[in-house]
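Treat the numbers as computed from the prediction; the structure is a model and nothing was measured. Each residue takes its place number in the sequence, starting with 1.
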Amino acid sequence: FEHMRRAQQIAPVTPIFTAWLGWLHWSENQLDEAIAEAQKSLELNPSFPWGLYVLGGVYASKGMFEEAIITHQRLFEIMPNLGRWGLGSTYAWMGRDEDARGVLAELKENPGQKDLLMLGFIHAALGDAEEALRWFEDAFQAHVDWFPWIGARTGTEWMPGLASLQDRPRFRNLVAELALP
């Protein structure tokens, strides 16, 4: 938190620092603070993709699914794959498994490198732990630059959506391979 707040002080009109501060609050389950920070990033740039992604994800975590869907649909118009990632997880969290699997099918048609990771997140949200772990292993093998985030945790909280995997040996092995402090 301290580093991100310092970045905000240095570059107060740069929305990425505020969006990521929102993500940090999200990872700590400080959902109201996360919403406030994501909204600040969108005040700086109403079309900022990461602000929309975080805001939609936090809305979904709070069970505010209508708001989450609207936010992720707006994101889809700006950045389709990032919008798909948000929509896929949100649909899964709200029990719209068929819609989530439709997003998975779209992503699987021609997955980019980062899609490998997001396929894992959506499968995790659906409760398909084995399939999620398979995609995470593929992302690890492909050296997806965002992959280390699966091991990110603050205190006892895992990255949003991954707590259900934390006790699985395959997940623990992947996190151990990262050798993060």
For [X], which residues count as a side-chain hydrogen bond (donor to acceptor under 3.5 Å, both in side chains) partner, sequence neighbours excluded?
X    : answer
D32  : K62
T90  : H72
E33  : none
R134 : E131, D138

- Task: Please work out which of the three classes, parallel, tilted or perpendicular, describes the rings of H143 and F140, given edges at 30° and 60°.
- Result: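 Ring orientation, 0 to 90° scale: tilted.
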
Please name the pair of heavy atoms, one in [X] and one in [Y], separated by the smallest distance, quoted to 0.1 Å.
X   : Y    : answer
L52 : P46  : CD1-O, 4.4 Å
F17 : A11  : CE1-CB, 3.8 Å
T18 : S41  : CG2-N, 3.6 Å
V54 : A38  : CG1-CB, 4.1 Å
A92 : A100 : N-CB, 3.8 Å
P15 : N45  : CG-CB, 4.2 Å

- Residue list, salt bridge (charged side-chain N to carboxylate O under 4.0 Å, His left out) with E109, at least two apart or on another chain: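 For E109, no residue satisfies salt bridge (charged side-chain N to carboxylate O under 4.0 Å, His left out) once neighbours in sequence are set aside.
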
- Message: So, using salt bridge (charged side-chain N to carboxylate O under 4.0 Å, His left out) as the criterion, who are the partners of E137 when residues are at least two apart?
- Response: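 By the salt bridge (charged side-chain N to carboxylate O under 4.0 Å, His left out) rule, E137 matches R170.
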
- Any residue meeting side chain to side chain contact (heavy atoms under 4.5 Å, CB included) with R6, in chain and number order, not counting sequence neighbours: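 Expected list: Q9, I10.
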
- Task: Output all residues satisfying side chain to side chain contact (heavy atoms under 4.5 Å, CB included) with A36, sequence neighbours left out; order by chain, then residue number.
- Result: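 In terms of side chain to side chain contact (heavy atoms under 4.5 Å, CB included), with neighbours along the sequence ignored, A36 is linked to no residue.
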
When rounded to the nearest 0.5 angstrom, what distance separates [atom1] in [X] from [atom2] in [Y]?
X    : Y    : atom1 : atom2 : result
Y59  : M64  : OH    : CE    : 5.5 Å
L178 : N173 : CG    : CG    : 11.0 Å
H25  : W20  : NE2   : CH2   : 14.0 Å
L104 : D97  : CG    : CG    : 10.0 Å
Q30  : I35  : CD    : CD1   : 12.5 Å
L174 : F136 : CG    : CZ    : 8.5 Å

- Does any pair with a residue in residues 71-93 pass salt bridge (charged side-chain N to carboxylate O under 4.0 Å, His left out), and if so which ones, sequence neighbours excluded?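 Sorted pair list: R84-E106.
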
- Message: Applying side-chain contact (heavy atoms from CB on, under 4.5 Å) to M94 and D99, what does each step give before you reach the verdict?
- Response: CA-CA 10 Å; M94 62 191 298; D99 291 324; over 6 Å; no

- Item | Heavy atoms of other groups near E66 CD, more than 12 under 6.0 Å |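 Check fails, neighbour count at 12 or below.
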
- Min side-chain heavy-atom separation E37-K40 under 4.5 Å: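 SC-SC contact between E37 and K40 confirmed.
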
- Query: When Ile, Leu, Val, Met, Phe, Trp and Tyr are grouped by side-chain heavy atoms lying under 4.5 Å apart, directly or through other members, which residues fall in the same group as L44?
  - Reply: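 Other cluster members: V13.
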
- All ring pair (Phe, Tyr, Trp, His ring centres under 6.0 Å) counterparts of F65, not counting sequence neighbours: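 If we apply the ring pair (Phe, Tyr, Trp, His ring centres under 6.0 Å) test to F65, skipping adjacent residues, there are no hits.
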
- Message: Apply side-chain contact (heavy atoms from CB on, under 4.5 Å) to residues I78 and F48 and explain how you reach the verdict.
- Response: CA-CA 9 Å; I78 297 164; F48 187 61; over 6 Å; no

- same_hphob_cluster(L87, I70) at 4.5 Å side-chain heavy-atom cutoff: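 Different hydrophobic clusters.
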
Could you give the side-chain donor-acceptor pairs of residues 112-126 under 3.5 Å, partners two or more places apart or in another chain?
from : atom 1 : to   : atom 2 : distance (Å)
Q113 : NE2    : A142 : O      : 2.6
K114 : NZ     : D145 : OD1    : 2.9
K114 : NZ     : D145 : OD2    : 3.4
D115 : OD1    : N81  : ND2    : 3.1
D115 : OD1    : W85  : NE1    : 2.9
D115 : OD2    : N81  : ND2    : 3.0
D115 : OD2    : G112 : N      : 2.8
H123 : ND1    : D128 : OD2    : 3.3
H123 : NE2    : K108 : NZ     : 3.3

